[in-house]
Amino acid sequence: MHPRSNLFHGKFRLGNFCPQSKHAFRPFSSDETPLPTVAELISKQLWKQLKSHLLNGGPATTLLQQLLDSKTDPDLTLRYFKWSQKEFNLSHSLENRCKLLHSLANAKRYSKMRSFLNDFAKYENSVSVSSIFHAISICGDSFSATSLIADMLVKAYLYNMKTNLGFEVFKRAGDYGYKLSVLSCNHLLSALVKENEIENVEYVFKEMIRRKIEVDVSTFNIVINGLCKVGKLNKASDVIQDMKAWGILRNIITYNTLIAGYCKKGRIGKMYKADAILKEMIASEVRPNEITFNILIDGFCKDENVPAAMKVFKEMQTQGLKPNVVTYNSLIYGLCSEGRIDEANGFLDEMVRLDLKPNVATYNALLNGLCKKGKLKEATDFFDDFVKKGIAPTVITYNTLIDAYCKGGRMEDAFALRESMINRGILPDVSTYNCLIGGLGREGNIRVVRKVTSEMLNKGLKANVITYNILVEAMCKEGESRKAARVLDEMVKTGISPNHVTYNTLMDGYCREGNLRAALNVRTQMEKEGNRPNVVTYNVLIKGLCMKGKLEDANALLNDMLEKGLIPNRTTYEIVKEEMLEKGFVPDIQGHMYSISGS
DNA sequence: ATAGGGTTAG
């Protein structure tokens, strides 16, 4: 019973209702005086009268039941539903709510259904999806109406950020055979992509095809984007081939998504791949746009290949496409990360001349350039300057500056900056704390590292893989690799997957403590978790072996590394030079190393 | 509903 059902103490006479009659709906005409019908009371919004009727007449829930059974106009029933819910603070039964939905569906009151379901998704947290499906399937006999309700329910959950429930509805809809629209499924896919649930993305996509939902170009684009986001670039390329096989035309977004995927997540030769996709795109008669060029320019800049970026920049203009703020920001970022601050400033002037307004990202890139050069004073002045000019700093601006202070060993100033950002109404995020925790770790201040970390967690911020990597490194720096290993266990328990950096850092810690056996165990563990050793892994182990004087074993690892198709880098070369060649040991791959040292 | 720029870890 409803807690407030004692309100309905009046005599409720069921016999006064005439469920069969649509029009003569006179529940309270116990005397001969003609009374307005309930329908009239609702349509004239005479709520006070209705309330007194109900208080004398009986439970409001039963009245809803009567309205539904009598096939009263669904608009009126909905009005009564809302009013009674508010007035009596009651919650109508799931079945009656589903009946109401069905009657709205049959009367094509779609926007009313949408807002009804939106409220449901927003406020109703205790009803399971399986009971909803049971109710909607028994409360109406129109298959298409039921499908529509399920379809709208997916969107309602997604709109209210309840992706998992939207996904649940998708699965149940399959069990019941209800057909969802491609639009809702696309919404669901993109929500799953945002939450990095790539397995569910692939599942939904396959299911859509199995259920014969007409997938469209957006469906494919969203899936490609999801695959790119988690670095499954080959699979993303395969999807493009599938589109061709299905006869679905690729559009500009399809290609831009894949090119951006290679630029961001691709490894060696990624820009070569990106260029190949560009060529295929042109062959498929899809013309690159500003965004395509921006993606390529940014990719080359991040690849530390500013000359190539400049070439694309020129080509873009040759094609008659105008560079915009994003274009310039990428170039400025690229120049700054090579330390070419003056040239970056030249581009800043150029964009102003072209009437392009530099934004906070432009200034952040320049600020970062100054910070990475260790020019703390200039960076601070520059920051004050552009803030005075009216550019609103963001959390990234502060993080850039805070990190610079931390790396400069000025922890007190860094914490003061955290205070000033809070005063400005900008809340520190995980990255802010990562910078601070990293700075404290470098100082070897483990006690404060712990304190600030728990402070972060207490503020409701979640530690991410970078946070844990910083903690692992901090422990290792203090010669506490065993404790670092426990941090790794803890992160796994929290549901965060360690990555290469995590394992490599821990291995490095063990190697520096001379515990090679433990380091090799970590490699076994990382492989078991599906992380193949990379160049850094080999560098760490080779150095560890060299330090122990096991030059033959180190040599074997070098060969192993080449066999695995990994290309030694500068650090590998440094290790070989200092730890092997200078000790008179010539590794098998010395010739190979020579070519690296020159690059 | 799907594509581009700025911060943090080896």
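Lettering of chains follows the sequences in order, A, B, ..., and the numbering in each one begins at 1. Below, all heavy atoms of this structure are taken into account, side chains as well, without hydrogens, waters or symmetry copies. Only a predicted model underlies this, so the values are computations on that prediction, with no experimental measurement involved.
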- Query: Is the ring centre of Y405(A) less than 6.0 Å from the ring centre of Y398(A)?
  - Reply: no
- Parallel, tilted or perpendicular: which fits the ring planes of F386(A) and F383(A), with parallel below 30° and perpendicular above 60°? perpendicular
- Query: Checking all strands, does K477(A) fall into the base, sugar-phosphate, or nothing category for heavy-atom contacts under 4.0 angstrom?
  - Reply: nothing
- Message: My understanding is that only residues two or more places apart in sequence, or in another chain, count here; which of them pass side-chain contact (heavy atoms from CB on, under 4.5 Å) with N515(A)?
- Response: R482(A), Y510(A), R517(A), A518(A)
- Only counting residues at least two apart or in another chain, list the ones meeting salt bridge (charged side-chain N to carboxylate O under 4.0 Å, His left out) with K206(A). none
- Please examine the side chains of D429(A) and N399(A), heavy atoms only from C-beta on, and report whether any two atoms are closer than 4.5 Å. yes
- Message: So, using salt bridge (charged side-chain N to carboxylate O under 4.0 Å, His left out) as the criterion, who are the partners of E315(A) when residues are at least two apart?
- Response: none
- Query: Just how far, in rounded Å, is C1' of dA9(B) from CG of D429(A)?
  - Reply: 15 Å
- Please, which pairs that meet salt bridge (charged side-chain N to carboxylate O under 4.0 Å, His left out) have at least one residue in residues 221-233 of chain A, sequence neighbours excluded? E202(A)-K232(A)
- Taking only side-chain nitrogens and oxygens of K407(A), does any of them come within less than 4.0 Å of OP1 or OP2 of dT7(B)? no
- Task: Under 4.0 Å from any atom of DNA chain B, heavy atoms only: list the residues of residues 308-315 of chain A that qualify, in numerical order.
- Result: none
- Query: Taking protein heavy atoms under 4.0 Å as touching, what does nucleotides 1-6 of chain B look like 5' to 3' if B marks base contact, S marks sugar-phosphate-only contact and - marks none?
  - Reply: BBBBBB
- Task: Return the value, rounded to whole Å, for the distance between atom OH of Y433(A) and atom P of dA9(B).
- Result: 18 Å
- Query: Should the pair F347(A) and Y328(A) be assigned to parallel (<30°), tilted (30 to 60°) or perpendicular (>60°) ring geometry?
  - Reply: tilted
